[in-house]
Amino acid sequence: METIAAGAERAAPAELPGPGGAAATPSPLQRVRRSRWTVLGVLLIVVAATALLIGAPARPMALDGAVSALEHMRWEFLPVLVLLSVLHFVCSAVALRGASGRPIPLYETTLTQFTAAAANRVTPGGLGAVAVNTRYLVCRGLPLSRAVIAVAVLQVAGVPADLLLLGAVLGLGGGNGRVLDALGRHAAEAAGLVPPVPLLIAVGVLLPAAALWGRRAARSTVVARAVAGFTDLCRRPRDLGVTLTASAATTLVLGLAFALSVLAVPGTGAGPADVLALVAAYLVGAAAGAAVPAPGGVGSTEAALVAALASLGIAAGPALHAVLLFRAVTFWAPVPVGLLTCRTLRR
């Protein structure tokens with residue numbers, strides 16, 4: 001990605017070369033700046049890999065099934081699905097505004113979220129979005145330390161917001177517990193396949209290491225600053241409410257888009273009465289897919305969402321079509337938009 005605002009050089013001091021005249025090590029954002037063609041290459045690789053994964057004998061049948069699915073798709077749902085995808089980025093922008101504590105322009109902030117989404121496609125763990133949002137806040141006049149804390153607080157605030165949303169959906173009867181029961185059975189089956197002795201050895205080694213790492217991390221300056229930033233946000237009840245509400249709305253909008261994608265595939269057999277259950281399936285499946293530290297959760301998220309739909313009794317073929325439609329509109333379609341908004345923000 002390129003620099004997302006023209007005033008960044010004036011907002012932060014320039015990096016000077018080291019004693020030997022060599023340039024400083026590129027920052028994560030600088031590496032993201034150079035990855036425009038990498039994003040496009042990833043898109044082409046995904047398309048090519050999908051084509052190669054279809055075996056030669058089964059290729060005609062698979063293509064016939066895909067063509068049939070496209071012919072019977074309920075295309076009238078597509079405009080609403082695109083609108084929900086855009087609304088997702090607007091809610092992300094509102095959440096960033098609340099975490100920053102400044103009335104930054106909503107339009108520019110929304111464009112920044114498209115650029116951040118494009119950066120996330122090539123970086124694991126959301127590092128691309130963190131780098132882009134931090135740079136944007138610096139360009140809007142926030143000191144670098146405050147910008148980093150605001151973005152970190154935004155990431156932390158999303159966890160309780162999503163948990164509250166999941167609890168509300170499940171409390172309203174979403175899925176009637178079928179999704180959680182299915183995932184629990186899968187987890188129990190996976191745990192039963194692991195030999196007990198290596199498992200005990202791994203736990204005996206990993207738990208002390210995790211405890212030691214957690215103790216050191218709790219005493220680190222980064223954690224102290226993040227806690228201080230979250231405390232400062234709690235002292236601003238209005239901004240705290242805006243951040244939590246917008247974070248939950250971001251996830252809820254994607255859940256509704258997922259439900260709409262399932263309704264758009266006739267073979268799923270889902271109807272308007274199943275929207276709440278489908279939103280619950282998305283919340284659980286997306287959380288399970290995000291546990292794998294892959295760029296954008298590619299592969300793991302799709303598998304988790306298909307498994308979540310299977311727990312609701314939806315056949316694998318229609319479930320896969322619905323998930324691919326959802327990811328195409330909400331995950332891959334914003335990438336070229338993010339590349340274009342990057343240049344707009346620079347100007």
Side-chain angles (χ1 to χ4, degrees), residues 1 4-5 79-120 126-143 146-169 226 229-260 279 282-283 286-287 290 296 329-331 333-335 337-338 340-342 344-345:
M1 298 297 160
I4 63 173
V80 183
L81 187 58
V82 173
L83 180 62
L84 288 174
S85 179
V86 175
L87 183 59
H88 156 72
F89 291 102
V90 176
C91 292
S92 298
V94 173
L96 183 62
R97 280 166 53 110
S100 66
R102 290 200 176 187
I104 53 181
L106 181 61
Y107 175 71
E108 289 184 358
T109 310
T110 303
L111 295 183
T112 304
Q113 302 316 299
F114 279 96
T115 304
N120 259 357
L127 295 179
V130 170
V132 171
N133 284 329
T134 301
R135 181 69 175 220
Y136 173 69
L137 292 181
V138 170
C139 294
R140 297 305 306 177
L142 265 73
R146 279 198 59 186
V148 172
I149 292 174
V151 174
V153 168
L154 178 61
Q155 300 294 319
V156 174
V159 176
D162 291 349
L163 290 177
L164 290 175
L165 178 62
L166 178 60
V169 172
F230 191 77
T231 303
D232 178 67
L233 182 61
C234 292
R235 294 171 182 168
R236 295 180 277 127
R238 182 177 178 275
D239 291 337
L240 177 62
V242 168
T243 302
L244 293 177
T245 303
S247 297
T250 300
T251 307
L252 178 60
V253 167
L254 284 182
L256 293 175
F258 178 73
L260 196 65
V279 172
Y282 168 76
L283 295 176
V329 175
T330 63
F331 186 83
V335 172
V337 179
L340 295 175
T341 56
C342 177
T344 302
L345 289 169

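Note that the coordinates shown come from a computational prediction; the quantities given were computed from them, not determined experimentally.
The CG atom of L111 sits 9.5 Å away from the CG atom of L106 when rounded to the nearest 0.5 Å. For the atom pair Y282 OH and L166 CG, the distance stands at 12.0 Å (nearest 0.5 Å). Rounding to the nearest 0.5 Å gives a distance of 11.5 Å between CZ of F331 and CG of L254.
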Please tabulate, for the side chains in residues 95-105, all donor-acceptor contacts under 3.5 angstrom to protein atoms that are two or more places apart in sequence or on a different chain.
unit_1 : atom_1 : unit_2 : atom_2 : d
R97    : NH1    : I104   : O      : 2.4
S100   : OG     : L96    : O      : 3.2
S100   : OG     : R97    : O      : 2.9
S100   : OG     : R102   : N      : 3.4

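Here the shortest heavy-atom pairing between A157 and T243 reads CB-CG2, 3.9 Å. Taking each heavy atom of L244 and A161 in turn, the nearest pair found is O-CB, 3.6 Å. Looking at every heavy atom in both residues, V279 comes nearest to G255 through CG2-O, 3.7 Å. Closest of all the heavy-atom pairs between A248 and L165 is O-CD2, 3.5 Å. Taking both residues in full, the closest heavy atoms of C91 and T250 are given as CB-OG1, 3.3 Å, listed atom of the first, atom of the second, then distance. The shortest non-hydrogen separation linking V329 to S85 is O-OG, 3.6 Å.
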Evaluate V153 against I149 for side-chain contact (heavy atoms from CB on, under 4.5 Å), listing each step before the verdict.
CA-CA 6 Å; V153 168; I149 292 174; 4.1 Å; yes
Item to complete: In sequence, state the C-alpha distance, the side-chain angles, and the governing distance for V132 and Q113, and then conclude on side-chain contact (heavy atoms from CB on, under 4.5 Å).
Response: CA-CA 8 Å; V132 171; Q113 302 316 299; over 6 Å; no
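Side chains of T330 and H88 form no contact here, defined as non-hydrogen atoms less than 4.5 Å apart. Within the 4.5 Å cutoff, no side-chain heavy atoms of L240 are placed close to those of R235. In this structure, the side chains of L283 and D162 stay at 4.5 Å or more apart for every pair of heavy atoms. Looking only at side-chain heavy atoms (C-beta outward), T341 and T112 stay at 4.5 Å or farther from each other. In this structure the side chain of T134 reaches within 4.5 angstrom of the side chain of V130, judged on heavy atoms.
Here ring pair (Phe, Tyr, Trp, His ring centres under 6.0 Å) pairs that include residues 90-112, with residues two or more places apart or in two chains, number zero.
Classification of the F89-F114 ring pair by plane angle, with boundaries at 30° and 60°, yields parallel.
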